[in-house]
Amino acid sequence: MLGDQKSSGGLLSSPDQVLQGLVRELKNPLLFIARQAEFSSGSGDSSAFSVIEQSAQEALQLIDSYLLTAQSEYGQKQLPLEPIGLGSILYEVAHQLDPLAKKKNYHIEVETKYTRPVMVDRRAVEAALSCLAQLILIPHGEKRGKVLRLSAFKRPGEQIIAGVLSNGSAGFKDKDLRRAVGLHGRSHMAVNSEGTGSGVQLALADSLANAMGGQVLAIKHARMKGLGLELIKSEQLALV
Amino acid sequence: MHVLVVEPQADLGTLIVKSLQSADVSADYAPNAQSAVHFADKNKPDVVVLELGLPDHNGLEFLYEFRSHSDWQKVPIVIYSHIPREDMGLDVKKSKQLGVAEYLYKPVSSLKRLQDAVLSSVPLMSVNDAR
């Protein structure tokens, strides 16, 4: 049924293919829930339907991130890397995150200090940044004035970073994050902090970053802190 | 304006029809390629909303077959699919050749966005096709 499903002989023959098939099937009811909630929000208690829609959208985003990661890791799909400016990616992610950010009393900003192209797959970067943002967008009471900044910048040592930063307390303790990301920037599954659950978003983001030759890092920038993807700059257009 | 919605998930197909009707657009719902052809024969659509992941047909093949009917060659198609565009190998050039007005990826495309895509695809029709 699914045009993007690859398996030998058309059957799901290995555990990972079964899991991927299951995850794909989960999208159908979630899609319906999200769209029905959107349609119903025009009448009755629109705030309740808005919450339902947003929850379903978050789940769909996580599923898509997992599928992209799985396809890349199991060799089913090579991520097609191409030189892309980070600005357009950051704005698209900001647009997708806006409803979630509002729900959690955050204001989103986009800052593109690094404007040259990087070698990435657009969907992978968007998915990875969305995963990182879900870790950071944890509500802390009704405090106003919290900012979520999506930023592209260069660190000393020529590291190109696409980051998700916050001026509020992120949904994890610093020491947990340092342990999770590790000395070499490799992520581990468990970010043991309230509200972050298993930290699967961190693992997915790191896996996607690896597929593009990069990694997830804990970052500080312009008096904000958060998580970022180290990406590879494009040499190709730099010669033009 | 009359729209044909081709969507294998019945609940979602019915919901899309209701959403279009709420925007004063009449719509038929077809769950597969065969019934889509049947509905289009009975009542030529002005726009087709198409999920490429069809149970009885490869979605792209259906698109080519739909275009092979002389009456339907200029009907704009709005793709509303759970399959990412990159996975269908449908680049911008091929989309244009096939008369695809817009390719919407379901998980990130709301009903409102779909409505807007349907309503804005109509100018693609030539004057001779207007009802």
Side-chain angles (χ1 to χ4, degrees), chain A residues 1-6 10 21 23-43 49-50 53-54 56-68 71-72 76-82 92-93 95-100 121-124 126-127 130, chain B residues 5-25 27 29 31-33 49-64 79-92 103-116:
Chain A
M1 178 181 120
L2 298 172
D4 59 342
Q5 194 170 19
K6 295 182 175 72
V23 170
R24 278 197 189 90
E25 288 298 322
L26 281 173
K27 283 169 78 167
N28 290 331
L30 281 169
L31 257 169
F32 177 70
I33 288 169
R35 298 297 162 253
Q36 179 67 68
E38 180 200 346
F39 185 68
S40 299
S41 65
S43 59
F49 287 117
S50 175
E53 184 190 348
Q54 187 54 49
Q57 285 294 155
E58 284 174 45
L60 280 166
Q61 186 274 312
L62 197 57
I63 284 174
D64 266 355
S65 299
Y66 164 73
L67 286 172
L68 195 55
Q71 286 173 334
S72 171
Q76 293 160 9
K77 176 193 282 211
Q78 191 84 9
L79 287 185
L81 303 185
E82 52 183 348
E92 176 62 29
V93 174
H95 176 71
Q96 289 175 19
L97 288 173
D98 193 54
L100 175 62
D121 173 76
R122 176 181 287 274
R123 277 178 63 202
E126 288 178 5
S130 295
Chain B
V5 176
V6 188
E7 166 57 58
Q9 303 290 331
D11 288 340
L12 186 58
T14 307
L15 183 60
I16 293 171
V17 166
K18 279 188 197 168
S19 166
L20 290 170
Q21 287 170 344
S22 73
D24 291 329
V25 173
Y29 162 62
N32 52 50
V49 172
L50 173 63
E51 160 61 74
L52 288 174
L54 295 175
D56 58 344
H57 233 79
N58 176 289
L60 264 187
E61 280 175 12
F62 170 75
L63 197 47
Y64 279 108
I79 291 179
Y80 189 57
S81 178
H82 70 274
I83 303 172
R85 180 183 212 145
E86 302 81 13
D87 290 355
M88 288 307 297
L90 204 57
D91 59 21
V92 173
Y103 194 118
L104 300 178
Y105 180 50
K106 267 180 184 163
V108 297
S109 301
S110 63
L111 290 175
K112 176 71 173 63
R113 191 158 173 199
L114 176 60
Q115 269 178 16
D116 292 344

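Throughout, protein chains are lettered first and strands after them, A, B, ... in sequence-line order, and every chain is numbered starting at 1.
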Interatomic spacing from CD in Q9(B) to CG in L31(A) - rounded to 0.5 Å: 8.5 Å
Chain B contact via Q36(A) - side chain, backbone, both or neither, heavy atoms under 4.5 Å: both
Heavy-atom donor-acceptor pair, Q61(A) side chain to P107(B) backbone, under 3.5 Å: no
N-O pairing of E86(B) and R123(A) below 4.0 Å: yes
Closest non-hydrogen atom pair between S19(B) and F39(A), with its separation: CA-CE1, 3.6 Å
Atom of Y105(B), atom of D64(A) and distance for their closest heavy-atom approach: OH-OD2, 2.6 Å
T14(B), part contacting chain A, at a heavy-atom distance under 4.5 Å: neither
Taking every non-hydrogen atom, the tightest pair across E38(A) and K112(B): OE2-N, 3.0 Å
Side chain, backbone, both or neither of S22(B) within contact of chain A (heavy atoms, under 4.5 Å): side chain
Candidates I16(B), D11(B), L15(B) - the one meeting side chain to side chain contact (heavy atoms under 4.5 Å, CB included) with R35(A): L15(B)
